[in-house]
2 protein chains.
Amino acid sequence: MPTQRRARSRTFEEVLAQIEHRIATMGLTVGDRLPGERQLAEQLQVSRSSVREALRVLETLGVLSSQVGRGPDAGAVLTSHPTTPLTDLLRLNLGLATLTEQEIIATRLMIEQWSAAHHSTAASLRTMGEALAAMDTAAAPEEFVDQDIAFHVALVDAAGNRLNSAIMRALRNALRQYAVEAVTRLGHTRDLQADHRRIYEAIAAGDTTASVTAVTQHLARAYPSTAIG
Amino acid sequence: MPTQRRARSRTFEEVLAQIEHRIATMGLTVGDRLPGERQLAEQLQVSRSSVREALRVLETLGVLSSQVGRGPDAGAVLTSHPTTPLTDLLRLNLGLATLTEQEIIATRLMIEQWSAAHHSTAASLRTMGEALAAMDTAAAPEEFVDQDIAFHVALVDAAGNRLNSAIMRALRNALRQYAVEAVTRLGHTRDLQADHRRIYEAIAAGDTTASVTAVTQHLARAYPSTAIG
DNA sequence: GACCAAATATGGTCTGACCATACACCGCCG
DNA sequence: CGGCGGTGTATGGTCAGACCATATTTGGTC
């Protein structure tokens with residue numbers, strides 16, 4: 001009587017399980033193709049609609065990309081774009097008021113502090129430097145923010161954790177408009193750039209403690225209304 | 001008539017945008033219902049298949065739940081289960097070898113350290129204590145691991161960041177089997193419980209530094225083959 | 001050999017039908 | 001009057017078949 005909602009076994013879920021099973025047993029990975037929708041429906045003895053719903057789920061999760069037409073690039077190809085579903089997830093939950101900007105900002109600070117303490121690759125330093133220079137010449141707030149995102153994403157990329165990188169990209173995507181408005185309203189790009197330079201220098205010098213401190217102070221300035229620490 | 005669209009956008013994506021627009025403008029939130037599939041298709045002048053694919057996307061992202069039948073609880077209801085898509089995302093990317101267990105473990109350590117440093121609510125302490133006791137009497141490794149998950153999830157919940165909580169749950173879900181095998185193989189539940197007690201005491205005492213240290217040492221023991229720190 | 005037209009394979013969409021489920025409604029009976 | 005049971009109905013789930021849009025492949029023509 002408590003209206004116990006039992007998960008019905010829907011056809012598309014069975015298709016989903018079959019596809020996942022193929023990925024596991026056949027060792028499929030990014031770049032490999034799945035059979036066509038009609039062929040898959042035939043093989044699994046289900047309708048094409050059910051196959052399509054399963055493929056839509058995989059596409060939503062960023063592991064599949066469908067291309068129309070004909071040839072080697074057509075059809076359903078396995079990919080990996082974990083940032084896309086994460087961004088959608090954050091945007092929707094913000095819209096539903098089941099997540100707040102402050103929570104996202106707190107997670108951002110956590111990841112950046114961790115990244116500043118774990119930077120290892122030198123390759124990302126060049127990307128950070130390029131974004132730094134581009135911010136100096138940025139005309140519009142949108143342009144500045146996009147380069148700011150590139151700078152901070154590169155910082156996280158430098159730590160070499162793809163999960164954190166995907167989350168970081170999603171966070172910045174979801175709050176991009178927030179950042180544009182903040183820059184437009186406050187316009188303290190000079191201060192922000194000074195922070196960026198301190199972060200860059202600390203990273204380049206390999207000074208972990210200084211890097212974490214610089215990141216923390218920068219975010220405190222970027223989100224003055226948010227109690228972070 | 002939907003066949004004259006020259007835009008790259010597919011019909012179900014247009015439906016998706018319309019639904020999201022309704023959520024934003026009508027202030028819909030968790031618990032609110034969407035019109036039926038047929039009615040939605042009529043309103044938007046698209047086929048029911050396209051509506052269904054859009055709803056499937058929302059369901060995949062954990063913000064919609066469909067129930068058959070009739071009555072107030074039937075139909076498409078807005079929800080918020082961010083852990084579900086995150087778990088799927090991790091599992092699929094592990095299967096595709098685009099993410100490693102090590103990366104997930106590193107993110108877990110990051111979140112737990114952060115949580116240990118930011119614990120604020122006392123309500124979760126009771127949950128942690130109950131899980132602690134349950135682990136003492138756990139017979140099978142699966143039972144121990146489930147209570148271990150409850151303990152660590154409660155630790156993160158105590159920090160009050162729903163995004164981090166959702167990520168933490170997904171991490172543990174994705175690596176649950178890994179944990180069961182580790183406990184079965186190593187069987188050092190006594191050491192782990194000693195760690196748990198140290199964490200619990202430090203949290204209860206409000207000693208942030210000790211909490212972080214205890215969490216760090218615990219994870220180092222739990223994942224001996226992983227270079228963490 | 002270069003170029004253009006037809007064939008074809010692929011995903012995208014639509015229509016209409018039928019099934020399974022679970023509540024709503026209503027009439028019967030106590 | 002009130003509970004109880006059968007029937008109606010709205011809902012999602014699935015299927016079959018058709019047609020469209022797109023992009024490559026194929027093959028014929030100059």
Side-chain angles (χ1 to χ4, degrees), chain A residues 1-19 31-79 81 84, chain B residues 1-19 28 31-79 81:
Chain A
M1 31 249 277
T3 19
Q4 185 71 9
R5 297 300 179 193
R6 204 66 197 101
R8 311 170 302 283
S9 181
R10 294 175 287 190
T11 302
F12 85 89
E13 290 172 327
E14 188 60 32
V15 175
L16 217 37
Q18 286 293 326
I19 293 176
D32 292 331
R33 279 181 57 183
L34 256 44
E37 295 179 357
R38 293 170 180 84
Q39 189 178 343
L40 218 38
E42 167 72 16
Q43 289 177 11
L44 303 177
Q45 287 293 291
V46 300
S47 73
R48 200 180 148 207
S49 326
S50 296
V51 170
R52 281 183 61 81
E53 292 195 15
L55 297 181
R56 193 65 65 225
V57 169
L58 294 176
E59 187 181 316
T60 301
L61 291 171
V63 297
L64 195 78
S65 175
S66 293
Q67 300 296 333
V68 299
R70 184 175 167 164
D73 291 344
V77 180
L78 291 174
T79 62
H81 298 121
T84 308
Chain B
M1 66 186 47
T3 54
Q4 95 288 19
R5 297 280 171 245
R6 69 262 184 249
R8 216 61 166 91
S9 178
R10 295 173 285 188
T11 302
F12 84 89
E13 290 172 325
E14 192 60 34
V15 175
L16 216 38
Q18 287 292 327
I19 294 176
L28 301 183
D32 292 331
R33 281 181 55 184
L34 257 43
E37 295 178 356
R38 293 170 179 84
Q39 188 178 343
L40 218 39
E42 166 72 16
Q43 289 178 10
L44 303 177
Q45 287 293 289
V46 299
S47 73
R48 201 181 148 206
S49 329
S50 296
V51 170
R52 280 181 63 79
E53 293 196 14
L55 296 181
R56 194 65 66 226
V57 170
L58 292 176
E59 187 181 318
T60 301
L61 291 171
V63 297
L64 196 78
S65 175
S66 294
Q67 302 295 337
V68 299
R70 185 176 166 162
D73 289 345
V77 180
L78 291 174
T79 62
H81 298 121

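Within every chain, numbering begins at 1; the chains are lettered A, B, ... in the order of the sequence lines, protein sequences first and strands thereafter. Computed from a predicted model, the values in this text were never measured in an experiment.
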Tell me the interatomic distance from [X], atom [atom1], to [N], atom [atom2], rounded to whole angstroms.
X      : N       : atom1 : atom2 : result
F12(B) : dT13(C) : CZ    : C1'   : 12 Å
R10(B) : dG11(C) : CZ    : C1'   : 9 Å
L34(A) : dA9(C)  : CG    : P     : 19 Å
Q67(A) : dT22(D) : CD    : C1'   : 11 Å
E14(B) : dT13(C) : CD    : C1'   : 14 Å
D73(A) : dG11(C) : CG    : P     : 13 Å

Next item on the list: Please work out which residues in residues 39-61 of chain A have a non-hydrogen atom less than 4.0 Å from an atom of DNA chain C and list them by number.
Entry: R48(A), R52(A), R56(A)
Notebook entry, point to check: Does the base of dG11(C) carry an N or O that pairs as donor and acceptor with the side chain of R38(A) under 3.5 Å?
Noted result: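 Flag set: donor-acceptor pair detected.
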Checklist line | Contacts of R48(B) that satisfy side-chain hydrogen bond (donor to acceptor under 3.5 Å, both in side chains) - sequence neighbours left out | finding: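 Listed in chain order: E37(B).
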Note to self: Which residues pass the side-chain hydrogen bond (donor to acceptor under 3.5 Å, both in side chains) test with Q43(B), not counting sequence neighbours?
What the structure shows: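 R22(B).
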Next item on the list: Taking side-chain contact (heavy atoms from CB on, under 4.5 Å) as the test, write out the residues that go with S50(A), two or more places apart.
Entry: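 By the side-chain contact (heavy atoms from CB on, under 4.5 Å) rule, S50(A) matches T11(A), V46(A), S47(A).
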Note to self: I'd like to check the side-chain contact (heavy atoms from CB on, under 4.5 Å) partners of D32(B); sequence neighbours left out, ordered by chain and number.
What the structure shows: L28(B), T29(B), L78(B)
Notebook entry, point to check: Does A74(B) offer a backbone N or O that forms a donor-acceptor pair with the side chain of R33(B) under 3.5 Å?
Noted result: yes
Inter-residue atom distance [X].[atom1] - [Y].[atom2], 0.5 Å rounding:
X      : Y      : atom1 : atom2 : answer
T60(A) : E53(B) : OG1   : CD    : 9.5 Å
Q18(A) : E13(A) : CD    : CD    : 13.0 Å
S66(B) : L58(B) : OG    : CG    : 9.0 Å

Check: Restricting to pairs with a member in residues 59-72 of chain B, which pass salt bridge (Lys or Arg N to Asp or Glu O under 4.0 Å), not counting sequence neighbours?
Finding: R10(A)-E59(B), R56(B)-E59(B)
Next item on the list: May I ask you to verify if any side-chain N or O of T11(A) is less than 4.0 angstrom from the OP1 or OP2 atom of dG13(D)?
Entry: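 Checking dG13(D) against T11(A), no side-chain N or O comes under 4.0 Å of OP1 or OP2.
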Give each protein N/O atom lying under 3.5 Å from an N/O atom of nucleotides 25-28 of chain D, with the pair distance.
none

